[in-house]
Amino acid sequence: MVRSLSLCVAILLAGCAPKSGKPSTDRDAVARVFDEYIYADELDSLIPQGTSDADSADRVRQYIDRWARDRILLARAEYNLSDREKDFEKLLREYRSDLLRYSYQQAMLRQYLDTVVSEEQIDAFYQAHRSDFALKENIVRADWMVLSNRTPKINLAKKWFFSKNDADRQRILDYALQYSTRYSLGDTNWIRFSDLASNIPLRTYNQEQFLQNNRTVELSDSSQTYWLAIREYRMVDGTSPISYVRETVKSMVLNERKQALILNIEQDLLEEALKQNDYEIFER
């Protein structure tokens with residue numbers, strides 16, 4: 001490692017020795033930008049064990065170039081920017097003030113915010129803002145199953161899968177647990193049509209037309225059989241079912257509460273400051 005790094009440094013120094021010479025120190029200077037130096041011992045950690053000399057030299061040169069670019073750019077900025085452009089005190093004060101306000105608001109929210117959102121509150125918010133929940137893509141609720149073509153009793157399983165009989169539904173669930181490579185049965189959650197198509201190879205260029213004309217699908221290829229039963233679907237630009245956007249609605253309810261709580265806290269602080277004569281408005 002030490003030999004390799006020393007060789008890399010020697011290769012680099014051979015073609016780019018600093019014009020003003022190395023600094024008077026025992027450390028081995030590798031490069032200089034103005035009055036700043038980078039030393040060989042700062043580069044030790046750059047070279048993994050087993051790296052060839054050529055790759056080591058390239059890695060070291062890239063590091064040195066990045067170091068030089070940063071310092072040259074900083075020096076040019078210091079020289080060319082006006083004092084006003086370089087005055088960051090106001091920005092730093094504003095940034096600190098923003099951080100303090102945010103930290104205090106978060107502390108107040110942790111102390112006073114009611115984070116329990118009931119189903120009634122979710123439903124009321126959803127009903128009041130239905131236009132905000134337009135679907136951006138087609139969604140479905142469906143049963144589907146993928147089986148190897150060599151799965152035993154596959155014809156009987158097909159009958160169970162497409163049956164609406166409760167006993168058959170239990171039979172196909174037991175069968176899926178034993179034989180299916182992938183399946184979804186009895187799931188009441190809505191999923192995107194594109195997610196469904198990632199499990200069932202549905203060849204369609206028009207999702208809307210497909211959903212309108214197909215409630216059950218049976219497909220097969222050289223190795224697998226695919227079954228699909230679409231129980232319900234919603235089209236793009238329609239209103240999202242509340243169950244599909246429940247967590248989004250809950251987050252929106254909480255966000256409204258946060259904003260209202262912060263506003264109330266700030267108003268209370270303002271009124272308290274007025275009472276304590278810490279805040280006053282002068283007549284003009």
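Note that this is a predicted model, so its numbers are computed, not measured.
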Contact summary for [X] and [Y], nearest pair of heavy atoms:
X      : Y      : value
Trp190 : Arg141 : CD2-CG, 3.5 Å
Trp144 : Leu196 : CD1-CD1, 3.6 Å
Ile265 : Met108 : CD1-CB, 3.4 Å
Phe34  : Arg71  : CE1-O, 4.5 Å
Leu135 : Val236 : O-CG2, 3.5 Å
Tyr175 : Ala157 : CE2-CB, 3.3 Å

Exercise. Would the number of heavy atoms belonging to other residues, nucleotides or ligands and lying under 6.0 Å from CD of Gln127 be above 12?
Worked result: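 Yes, CD of Gln127 has more than 12 neighbouring heavy atoms, counting only those of other groups under 6.0 Å.
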
Problem set entry | Heavy-atom neighbours of Lys86 NZ exceed 12 at 6.0 Å |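 Yes, because the 6.0 Å sphere around NZ of Lys86 holds more than 12 heavy atoms from other groups.
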
Problem set entry | Carboxylate-amine/guanidinium proximity below 4.0 Å for Arg169 and Asp143 |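 Yes.
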
Exercise. Are Arg171 and Asp168 ion-paired here, with the side-chain N under 4.0 Å from a carboxylate O?
Worked result: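 Result for this pair is yes, salt bridge flagged.
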
Would you indicate whether the side-chain heavy atoms of [Y] and [X] approach each other to under 4.5 Å?
X      : Y      : value
Asp41  : Asp28  : no
Gln207 : Glu137 : no
Glu280 : Leu274 : no
Glu256 : Met252 : no
Glu36  : Trp67  : yes
Arg234 : Pro241 : yes
Asn214 : Thr204 : no
Ile172 : Met145 : yes

Gap between atom [atom2] of [Y] and atom [atom1] of [X] - 0.5 Å precision:
X      : Y      : atom1 : atom2 : result
Ile200 : Leu219 : CD1   : CG    : 7.5 Å
Leu211 : Glu232 : CG    : CD    : 11.5 Å
Leu109 : Gln259 : CG    : CD    : 8.5 Å
Ser220 : Trp227 : OG    : CH2   : 11.0 Å
Leu113 : Leu254 : CG    : CG    : 6.5 Å
Asp65  : Ile72  : CG    : CD1   : 9.0 Å

Regarding [X] and [Y], do their side chains bring together a donor and an acceptor under 3.5 Å, going by distance alone?
X      : Y      : value
Asn149 : Gln224 : no
Asp55  : Ser52  : yes
Ser82  : Glu85  : yes
Asn199 : Tyr226 : no
Ser118 : Gln121 : yes
Gln105 : Glu266 : yes
Gln212 : Glu208 : no
Gln178 : Asp174 : no

Problem set entry | Pair Phe193 and Phe210, ring centroids less than 6.0 Å apart |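 So the answer is yes for these two rings.
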
Problem set entry | Centroid-centroid under 6.0 Å between His129 and Phe125 rings |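 Ring centroids of His129 and Phe125 are less than 6.0 Å from each other.
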
Please say yes or no: joined through hydrophobic side-chain contacts below 4.5 Å, possibly via intermediate residues, are [X] and [Y] part of one cluster?
X      : Y      : result
Leu74  : Ile64  : no
Val253 : Leu261 : no
Leu185 : Val217 : no
Tyr279 : Leu269 : no
Tyr244 : Val117 : yes

Exercise. Does the pair Gln170 and Asp166 meet the rule for a side chain to side chain donor-acceptor pair (under 3.5 Å), with working shown?
Worked result: CA-CA 6 Å; Gln170 185 58 50; Asp166 290 341; over 6 Å; no

Exam field: side chain [X] to backbone [Y], donor-acceptor pair closer than 3.5 Å:
X      : Y      : answer
Arg27  : Ala40  : no
Asp195 : Ile191 : no
Thr181 : Val146 : yes
Asn165 : Ala167 : yes
Asn255 : Ser251 : no
Thr151 : Leu147 : no
Asp187 : Ala142 : no
Asn264 : Ala260 : yes
Ser103 : Leu99  : yes

For this session: Verify side-chain contact (heavy atoms from CB on, under 4.5 Å) between Leu43 and Ile38, making sure each step is shown before the conclusion.
Result: CA-CA 9 Å; Leu43 307 176; Ile38 190 167; 3.9 Å; yes

Exercise. When you look at Arg101 and Asp98, which way does the salt bridge (Lys or Arg N to Asp or Glu O under 4.0 Å) test go after all the steps?
Worked result: CA-CA 5 Å; Arg101 280 193 294 269; Asp98 288 343; 2.4 Å; yes

For this session: Kindly indicate, with the supporting measurements, whether the criterion side-chain contact (heavy atoms from CB on, under 4.5 Å) is fulfilled by Asn138 and Tyr233.
Result: CA-CA 7 Å; Asn138 300 315; Tyr233 64 86; over 6 Å; no

For this session: With side-chain contact (heavy atoms from CB on, under 4.5 Å) as the test, would you mind laying out the steps for Phe161 and Leu228 before giving the verdict?
Result: CA-CA 9 Å; Phe161 179 87; Leu228 169 65; 5.7 Å; no

Problem set entry | Test side-chain contact (heavy atoms from CB on, under 4.5 Å) applied to Arg93 and Glu89, step by step | CA-CA 6 Å; Arg93 287 195 301 270; Glu89 291 300 320; 3.6 Å; yes

For this session: List the steps, then state whether side chain to side chain donor-acceptor pair (under 3.5 Å) holds for Gln267 with Glu271.
Result: CA-CA 6 Å; Gln267 185 61 35; Glu271 292 175 3; 3.3 Å; yes

